[in-house]
Each structure stands twice: as structure tokens, then as C-alpha cells.
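Down below is the structure, laid out as C-alpha cells.
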Amino acid sequence: MLRRAFSTAKDSIAPASLPMPCVVIPPHPAALERHALHGAVAESTLRPAVVVLQEWWGINETIRAHAQRVANGTGAIAVVPDLYNGKSTADEEEAKHLMDNLDWPDALGKLSNLALQLQRPQDDDLRIYKNRKVGTLGFCMGGALSLAVAARMAELKSPLNACAAFYGTPPKSLIDISKIPATTPVQAHFGEKDSHLGFSDVKTAHRLAKTWDLTVKQLGGIHAHGIHSLESNVFVHSGMEHAFMNESAGKHVFGGEVDKAWEKVFAFLTEHLKTV
């Protein structure tokens, strides 16, 4: 049987080829071996991509580290869109100013266009390849946008293969995320002690879980072209506050909820982005 490593597939993404500024982070070589493709399928497979969406700080070392961790943990290429056009900050007041000034509908449009191009790169030489599998993962502001992109891509009849979000939900005025499970496997993570009312507090988490459960019951799903079973999960992490995945904030506890959350994310993304 022909055996080819994942890295022999079309597995690079040039930042200049993308429709908006992005940082592209590939997996480390050891991750390529762990997430190898075997047989002739490797010849026509584009390496999956995960769009990793920033917190309100901008693209800082934390989000870069998250993206590298995702790439290494899944074998996918991590793509980090620059929503602030090169700006980032460690100051909370400035971060709030940057987020408040973000044009959310415009950002959603740009991110959806990015996802579309990642699914099908505009290159005639790629006609022999199947569409790339694409997922999203975001934190806080990025978590809300991750869910919003999943909902918009379903509207565009090009649903994502997976969507994960941490402690953030978009306003209903931006987009309705209630039907995401009908087309896209999705999981959302919240902290039990999160105090951001209406955005990421525990009541918001429970309300979202009930909404998605109703969607599953009423509509069912078409996950990953029928390959995977319907999946939507909302996790509330015991004792955790907002931004508990941000290790630079000193909230990381080895062997605790942060590690459990990463394990869930890696298993989820690997399952739904792999080629089977």
C-alpha cells in the first residue's frame, strides 16, 4: 500500500494569497508525522486549516502560541487573521477601544471570504484537489466571531467542517447562531465564574445549549457531508473565570480545566477536519 506523509499533500498556504492580512502557522514536523495521510487519498488532499481568532488584545504572543498549539495538536495549518491591521496592546483600556471600533459586519464579511478562499484556493493548478476542510476557533471576541462565521458560512451554502469557541457569543443583531448545529459540528466553552453578562456568563452558556439542543431535535444535521454524526456541545468549566485559556494571565493550572479544554478541542478538530 502506498504510504505518504501528510506533508506530501498540498499543505502550505501563502499569506499573500489570502484576501486579508493573516499570520500563517504550520504544524511542527513531528506533528506532520502524527497526523499522516496514507494511500492515494494523500494525492488529492489539501491540508486542513483552522482559522484562529484573536481576543480583544490583537495578535499577540498568546494568540500566536494558541495557533501553534492548534497546528501541532491537529496537524492543520493555523491561519490567524489580523482584525486590527497590525495593532495590538497589553492595555485593557486600549484593547476595549480597539474592539469597540471594530466594524463587526465588515469583519464577518472578510472572515467569511477568507474561509471561502481557504476551502477552495483560487489556483488553476488545484483543480485536482478536493476542497480543503476548514474550521474556526476563537477566544472572547474571537469566540463570538468564530460562531458568527460558522453561521454565515451556512447561509452561503459552504458550511465549515468544525467550529469551536471560547467565552464569547455574537449579538443577535449581527447574526443568528441558533442553527449552527444543523450544518456544522460545534462546541463552545465557558467558565463557570465568568461575569460577562449576555456575552459569556453561565446563563448565556446554558441558554445556548438549550437553543442548540432544540435545533438538533428539530432539524438534525448534515455534518461533514454525512460522514460524522450530529454534534453540538456546550462545556461549562468548573471554577473558571473569563479568559481562562489565556495562560499569560496566570490562570493556567497544569492538569486542570485548561488542559481538559485543549484535549476536547484537539479531539474535536482532528475528528472533523481529517480526511477519512
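- The backbone N or O of Asn72 lies less than 3.5 Å from a partner atom in the side chain of Arg34, making a donor-acceptor pair.
- Residues Thr74 and Leu273 have side chains not in contact (no heavy-atom distance under 4.5 Å, counting atoms from C-beta outward).
- Annotation: side chain of Phe139 is not in contact with side chain of Asn246 (no heavy-atom distance under 4.5 Å).
- Using a 4.5 Å heavy-atom threshold, the side chains of Lys210 and Leu214 count as separate.
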- Item | Audit row: Ile63, Val23, side-chain contact (heavy atoms from CB on, under 4.5 Å) steps and yes/no | CA-CA 11 Å; Ile63 204 68; Val23 176; over 6 Å; no
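- Ion pairing between Glu263 and Lys260 fails under the 4.0 Å rule for side-chain N and carboxylate O.
- Both Leu116 and Leu83 are members of a single hydrophobic cluster when ILVMFWY side chains are connected at heavy-atom separations under 4.5 Å.
- Between Val258 and Phe244, some side-chain heavy-atom pair lies under the 4.5 Å cut-off.
- Cys22 contributes atom SG, which lies 4.5 Å from atom CG of Leu114 (distance to the nearest 0.5 angstrom).
- Grouping the Ile, Leu, Val, Met, Phe, Trp and Tyr side chains by contacts below 4.5 angstrom, directly or via other members, places Phe235 apart from Met245.
- Here the side chain of Gln187 pairs no donor or acceptor atom with the backbone of Phe268 at under 3.5 angstrom.
- Annotation: side chain of Met141 is in contact with side chain of Leu102 (closest heavy-atom distance under 4.5 Å).
- A single hydrophobic cluster is not seen to contain both Phe199 and Ile175; linkage of ILVMFWY side chains at heavy-atom distances under 4.5 Å, directly or through other members, places them apart.
- Ile177 approaches Pro170 most closely through the heavy-atom pair CG2-CG, 3.6 Å.
- Taking every heavy atom of both residues into account, His242 and Tyr167 meet most closely at CE1-O, 3.3 Å.
- Heavy atoms only, all atoms of each residue included: Arg132 and Pro48 are closest at CG-CA, 3.9 Å.
- Checking side-chain atoms of Asp100 against main-chain N and O of His97 turns up no donor-acceptor pair under 3.5 Å.
- A heavy-atom distance below 4.5 Å is not found between the side chains of Val50 and Thr136.
- Checked against a 6.0 Å centroid threshold, the rings of His189 and Trp262 do not count as neighbours.
- Scanning both residues, Val70 and Phe266, for their nearest heavy atoms gives CA-CE2, 4.0 Å.
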- Message: Under the criterion side-chain contact (heavy atoms from CB on, under 4.5 Å), I'd like the reasoning laid out for His206 against Val236: C-alpha separation, chi angles, the key distance, then a yes or no.
- Response: CA-CA 9 Å; His206 291 323; Val236 176; 4.1 Å; yes
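- Inter-residue side-chain proximity for Arg64 and Val52 is flagged as unmet; no heavy-atom pair is nearer than 4.5 Å.
- In this structure, OG in Ser88 is found 9.0 Å from CD in Glu61, a value given to the nearest 0.5 Å.
- Here Glu231 contributes atom CD and Trp212 contributes atom CH2; the two are 11.0 Å apart, rounded to the nearest 0.5 Å.
- Both Leu160 and Met20 sit in one connected hydrophobic cluster of ILVMFWY residues. Membership requires side-chain heavy atoms under 4.5 Å apart, directly or through other members.
- When only modelled atom types and interatomic distance are considered, Thr89 and Asp91 share no side-chain donor-acceptor pair under 3.5 Å.
- Residues Asp213 and Lys217 are not paired through a salt bridge, judged by the lack of any N-O separation under 4.0 Å between the basic side chain and the carboxylate.
- With values rounded to the nearest 0.5 angstrom, Ile13 atom CD1 is found 11.5 Å from Ile25 atom CD1.
- Counted within 6.0 Å of CD on Glu155, heavy atoms from surrounding residues, nucleotides or ligands total more than 12; the atom is thus considered enclosed.
- Without hydrogens or angle criteria, Thr215 side chain to Ser178 main chain gives a donor-acceptor distance under 3.5 Å.
- In this structure, the side chain of Lys133 engages the main chain of Lys274 through a donor-acceptor pair within 3.5 Å.
- A donor-acceptor pair under 3.5 Å is formed between the side chain of Asn161 and the backbone N or O of Val134.
- Looking at Glu92, its side chain never comes within 3.5 Å of a backbone N or O of Trp57 through a donor-acceptor pair.
- A continuous path of ILVMFWY side-chain contacts below 4.5 Å connects Val51 to Trp104, so both sit in one hydrophobic cluster.
- Contact record, Val216 with Pro181: CG2-CB, 3.9 Å, taken as the closest heavy-atom pair.
- Checking side-chain atoms of Ser146 against main-chain N and O of Gly142 turns up no donor-acceptor pair under 3.5 Å.
- Within the 4.5 Å cutoff, the side chain of Glu257 has no heavy atoms near those of the Glu192 side chain.
- In this structure, the separation between OG on Ser12 and CD1 on Ile77 is 6.5 Å, given to the nearest 0.5 Å.
- Contact detail for Phe190 and Leu208: the closest heavy-atom pair is CZ-CD2, 4.0 Å.
- Interatomic distance, CG of Leu145 versus CZ of Arg152, reported as 11.5 Å (0.5 Å rounding).
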